[in-house]
Structure formats: structure tokens, C-alpha cells
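Remember, it's 1-based here, ligands and their atoms both numbered in the order they're listed. Position 1 is the first residue of the sequence; numbering continues from there. Computed from heavy atoms alone, side chains included, the values below leave out hydrogens, waters and symmetry copies.
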Amino acid sequence: MNKSLLYRFIKEAEDKRVAIGHFNFSDIATVKGIMGAAQDISRVFHFNVPICLGTSEGEAGYMGFYFASAVANQYKLGGRPVFLNGDHIRSLEKLKEIVECGYDSVSFDATHLPFEQNIELTREAVLLAKSINPNFIIEGEINHIGGSSKLLENTNEEVTMATSALTTPEDAKKFVDSTGVDLIAPAVGNIHGIFTNSPNPRIDTARVRAIKKITPAPIVLHGGSGLRDEDFMQAIYAGVSVIHINTEIRIAWRRGLEHSLASDKNEVAPYKLLAISEKAAQNVVFERLKLFNKLV
Ligand SMILES: [Zn+2]
């Protein structure tokens with residue numbers, strides 16, 4: 001039985017039919033915005049909301065794993081429930097680095113491989129990470145979730161994911177049983193990024209429910225940005241316990257910076273120019289935390 005604090009928070013979210021928010025960062029303005037939103041939730045709702053901070057290989061490549069870990073540790077002071085996740089880590093080498101740097105969890109991504117090889121590599125990842133830190137939490141990914149965390153062009157009116165690309169409950173069960181992962185991230189109609197000229201695809205909530213029924217591993221939803229509020233609520237009700245948000249924060253960051261640059265052409269202090277980006281990220285995360293935790 002895994003006794004890590006993060007896992008207990010996820011199981012608690014599962015029981016309460018709420019979801020923990022996972023938010024990516026690659027600079028100080030963004031992480032200050034994310035943690036500012038968590039403080040706002042504490043102040044307004046008297047609830048010390050758990051937060052997952054995430055860094056992809058690209059984001060951590062910019063900051064360094066040790067730097068990201070030091071930033072997360074700073075926010076953990078005083079017992080705040082903050083966790084750091086390596087998002088879409090694809091190799092055992094990188095996995096070893098993040099476990100040793102003090103990350104709490106990983107979204108290990110071997111979905112570029114065929115199913116059986118994904119199982120093999122993910123099983124190795126579980127053994128490796130737990131041999132270094134038995135309380136480290138491993139999420140395995142099954143079936144490729146497309147897109148990229150940015151604005152996407154789409155020429156179709158309404159996008160739906162091909163059913164053949166989605167995770168079947170049987171594959172989900174086999175994957176969890178064979179690898180020993182703590183969490184599973186299935187493909188259930190979700191995509192990374194936000195379409196600029198049409199809504200994002202709907203989540204196949206019946207599929208989420210069927211996967212939930214057949215496997216004990218809590219479910220993580222990637223590509224939350226761009227989904228409608230009712231899609232989030234239905235996905236959580238169907239069994240999603242962690243939701244990843246990245247693109248929405250990046251868009252807010254960019255718009256904030258554009259506004260700063262346009263409003264004062266002589267300002268050159270980065271911390272002053274990025275103040276609006278921080279506030280914009282904070283607003284996005286505050287609204288998502290409210291929704292995911294069913295706070296009104
Ligand atoms: Zn993702």
C-alpha cells in the first residue's frame with residue numbers, strides 16, 4: 001500500500017468526487033501566479049487546497065530540475081500541500097534525475113512505443129523510481145494524447161477523436177496490472193492545446209467511467225485547457241481525480257506581457273513587466289481550482 005501524502009490526497013479527491021489541479025510552470029511569474037491562486041482559495045474558502053506543480057522536459061530543460069525542485073520546496077515550507085510532478089518524462093535517465101532531485105511524482109510517457117513495449121518500459125520505470133524513493137508516485141500513460149500545449153489551428157467545425165485512438169477499459173486494466181503504476185492517464189478524447197477557431201473535443205465520459213470501474217488506479221486527465229466547464233464536471237463525476245492545465249496559463253502569461261509592453265514603452269524591469277502575467281495566471285488557476293474542487 002502506497003502511503004505517500006500525494007497519493008492520499010488523490011484518493012481523498014477520488015472519494016469526494018473532486019479533482020486536484022496540476023499546473024505547469026517554466027518561470028517565476030507563472031509559479032507565483034499558481035501559488036497566489038492557492039493562497040486566494042485558502043483565504044476565500046478556508047481550504048488548504050492541494051496543488052500539483054508540473055514541469056515538462058522542455059520546461060525543466062529551461063529551468064533545470066534542481067531549480068524547479070528548489071522552487072517547489074520553498075512553497076512546501078510550513079506544511080502547504082504542494083507537490084512537484086515531472087510531466088511527460090520519456091526516458092529512464094530523466095526519470096532517475098527527477099527522483100533524485102526530489103520530485104514527488106512523474107507522468108511517465110512511453111506512448112511513442114507500441115502497447116507491449118510501453119508496458120515494458122513503464123514497468124522498468126516503476127521499479128527504478130521506487131528503488132530510489134518507495135513513496136514516489138508514478139503515473140503511466142496509455143495511448144497517445146495528441147496536440148501540444150499551445151494555440152492550435154483547426155479547420156474542421158467540430159473535432160472528435162477517432163475511437164480507435166482511445167483507451168479501452170481492457171487495455172487500461174492490463175496496463176495497470178502489468179506495470180504497477182499508481183495512476184493512469186488514458187486517452188479519452190482529450191488533446192493538448194486549445195483550438196483557436198472551434199471548441200476542443202468532448203471527453204468520452206462513458207469511457208472514463210468504464211476505465212474507472214475496471215482498474216483501481218486513479219485517473220489523470222491531460223490536456224484540460226480549452227474544455228468546457230460542464231465537460232470538467234462530467235469528467236470528474238465519471239472518475240477523473242487529477243487534471244492538467246498548461247495552455248490556458250501560457251496564453252494568460254503572454255497576453256499579460258503584451259499588455260505590459262504596450263502600456264509602458266520605457267519600462268525595462270522584468271519583475272514589473274511580468275506582474276500582469278503573474279496576475280493573469282493567478283486568475284486562470286483560481287477559477288480552475290474553484291471548479292475542480294467544487295467550491296462556490
Ligand atoms: Zn500532458
For E57, the side-chain hydrogen bond (donor to acceptor under 3.5 Å, both in side chains) test, sequence neighbours excluded, returns none
Taking 2.8 Å as the strict upper bound, the Zn ion (ligand 1) has protein N, O or S neighbours numbering 3
Contacts of A238 that satisfy side-chain contact (heavy atoms from CB on, under 4.5 Å) - sequence neighbours left out: T205, V208, R209
Sorted by chain and residue number, the side-chain hydrogen bond (donor to acceptor under 3.5 Å, both in side chains) partners of K32 (sequence neighbours excluded) come out as none
Sidechain-backbone polar pair: N200 side chain, F195 backbone, donor-acceptor under 3.5 Å: yes
Interatomic distance, CG@N24 vs CG@L53, rounded to 0.5 Å, equals 9.0 Å
Side-chain (N190) to main-chain (H222) donor-acceptor, under 3.5 angstrom: yes
